[in-house]
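Step one of this worksheet: look at the structure below.
Given the structure is predicted, the values throughout are model-derived calculations rather than measurements. Scope of the values below: all heavy atoms of this structure, side chains included, with no hydrogens, waters or symmetry mates.
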Amino acid sequence: MNDPARVESAAAVTVTVNGQPEELRVAPRRTLLASLREDLHMTGTKEGCGVGTCGACTVLVDGKAVLSCLMLTVQADGHKVETIEGLARDGALDPLQHAFIAQDAFQCGFCTPGQIMALRGLLRRNAYPSLEEVRHATEGNVCRCGAYLRIQAAALEVASSAETARKP
């Protein structure tokens with residue numbers, strides 16, 4: 001039996017995901033993670049813990065790293081969301097994705113999308129981060145395989161190549 005007090009009305013949400021405008025009708029309590037995975041079929045973003053402690057669900061919202069398991073889809077209304085699927089351009093991987101491969105920083109791969117998105121957000125704000133800044137950017141991302149040093153090396157590789165490319 002449907003209890004009228006428990007029925008939630010759907011909310012209309014317009015969000016730009018990886019450069020594409022998307023219109024959704026969602027329950028007010030639906031997480032951005034659920035909308036990305038279930039409604040938009042963007043399964044690169046992972047659910048690890050569902051309570052914001054592992055970082056596997058990290059996406060960029062208006063360029064800032066956000067835990068999509070803690071953000072409601074209605075909060076993303078009118079904003080730009082970028083997922084791991086949006087990093088590749090014209091079939092070419094993002095330099096950070098290449099660095100993860102080169103540094104063997106992905107191990108099982110479950111935390112990789114969240115790690116990459118957290119670091120991509122950092123590298124867009126600061127193309128030349130220190131090791132401490134890299135560690136700070138990923139401190140909320142748990143890697144159960146223990147690839148932290150390789151993940152940090154991948155971020156610093158991208159920063160180093162950006163610096164090299166900038167020099168005359």
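When side chains are defined from C-beta on, Val61 does not count as touching Gln75, because their heavy atoms never get closer than 4.5 Å. Here the side chains of Pro129 and Leu123 are in contact, with some heavy-atom distance below 4.5 Å. Annotation: side chain of Cys69 is in contact with side chain of Leu33 (closest heavy-atom distance under 4.5 Å). Between Leu93 and Ile101 there is a side-chain heavy-atom pair separated by less than 4.5 Å. Side-chain contact between Leu36 and Val59: present, with at least one pair of heavy atoms (C-beta onward) separated by less than 4.5 Å. Put simply, the side chain of Thr58 does not reach to within 4.5 Å of the side chain of Val66, judged on heavy atoms. Annotation: side chain of Asp77 is in contact with side chain of Thr14 (closest heavy-atom distance under 4.5 Å).
Considering every non-hydrogen atom in both Ala137 and Leu122, the closest pair reads CB-CD2, 3.7 Å. Phe110 and Gly48 get closest at one heavy-atom pair: CE2-CA, 3.9 Å. When all heavy atoms of Ala10 and Arg25 are compared, the closest pair comes out as O-NH2, 3.3 Å. In this structure, Glu38 and His41 approach most closely via the heavy-atom pair O-CE1, 3.4 Å. In this structure, Ala154 and Ala105 approach most closely via the heavy-atom pair CB-CB, 4.4 Å. Considering all non-hydrogen atoms of both residues, Val81 and Ala76 come closest at CG2-CB, 4.4 Å.
For the atom pair OG1 (Thr138) and CD1 (Ile116), the distance works out to 12.0 Å, reported to the nearest 0.5 Å. The OG atom of Ser68 lies 12.5 Å from the CE atom of Met42; values are rounded to the nearest 0.5 Å. Atom CG of residue Asp39 and atom CZ of residue Arg30 lie 4.0 Å apart, to the nearest 0.5 angstrom. Taken from OH in Tyr128 to CG in Asn126, the straight-line distance is 9.0 Å, to the nearest 0.5 Å. How far CG of Leu149 is from SG of Cys143: 10.0 Å, rounded to the nearest 0.5 Å. Annotation: the span from Arg150 atom CZ to Phe100 atom CZ amounts to 12.0 Å, rounded to 0.5 Å.
Residue Leu24 is grouped with residue Met71 when hydrophobic side chains (ILVMFWY) are merged at heavy-atom distances under 4.5 angstrom, including chains of intermediate members. Linking ILVMFWY residues whenever their side-chain heavy atoms come closer than 4.5 Å, directly or via other members, leaves Leu131 and Tyr148 in distinct clusters. Val158 and Leu156 fall within the same hydrophobic cluster, defined by Ile, Leu, Val, Met, Phe, Trp and Tyr side-chain heavy atoms under 4.5 Å apart, directly or through other members. Clustering ILVMFWY residues whenever any of their side-chain heavy atoms sit less than 4.5 angstrom apart, transitively, puts Leu72 in a cluster other than the one holding Leu67. Cluster membership check: Ile84 shares its hydrophobic cluster with Leu119, using side-chain heavy-atom separations under 4.5 Å among Ile, Leu, Val, Met, Phe, Trp and Tyr.
Not one N or O on the side chain of Gln20 forms a donor-acceptor pair closer than 3.5 Å with the backbone of Val17. With hydrogens and angles ignored, the 3.5 Å screen pairs a side-chain donor or acceptor of Asn141 with a backbone N or O of Gly114.
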Please lay out, stage by stage, how Glu47 and Thr31 fare under the test side-chain contact (heavy atoms from CB on, under 4.5 Å).
-> CA-CA 11 Å; Glu47 180 174 4; Thr31 65; over 6 Å; no
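Glu82 pairs with exactly one of Lys64, Arg120, Arg124 by the salt bridge (charged side-chain N to carboxylate O under 4.0 Å, His left out) rule, that one being Arg124.
The closest side-chain donor-acceptor pair between Glu85 and Thr83 falls under 3.5 angstrom. Neither side chain, Gln115 nor Thr112, offers a donor N or O lying under 3.5 Å from an acceptor on the other. Using modelled atom types and a 3.5 Å distance limit, the side chains of Glu139 and His136 yield a donor-acceptor pair.
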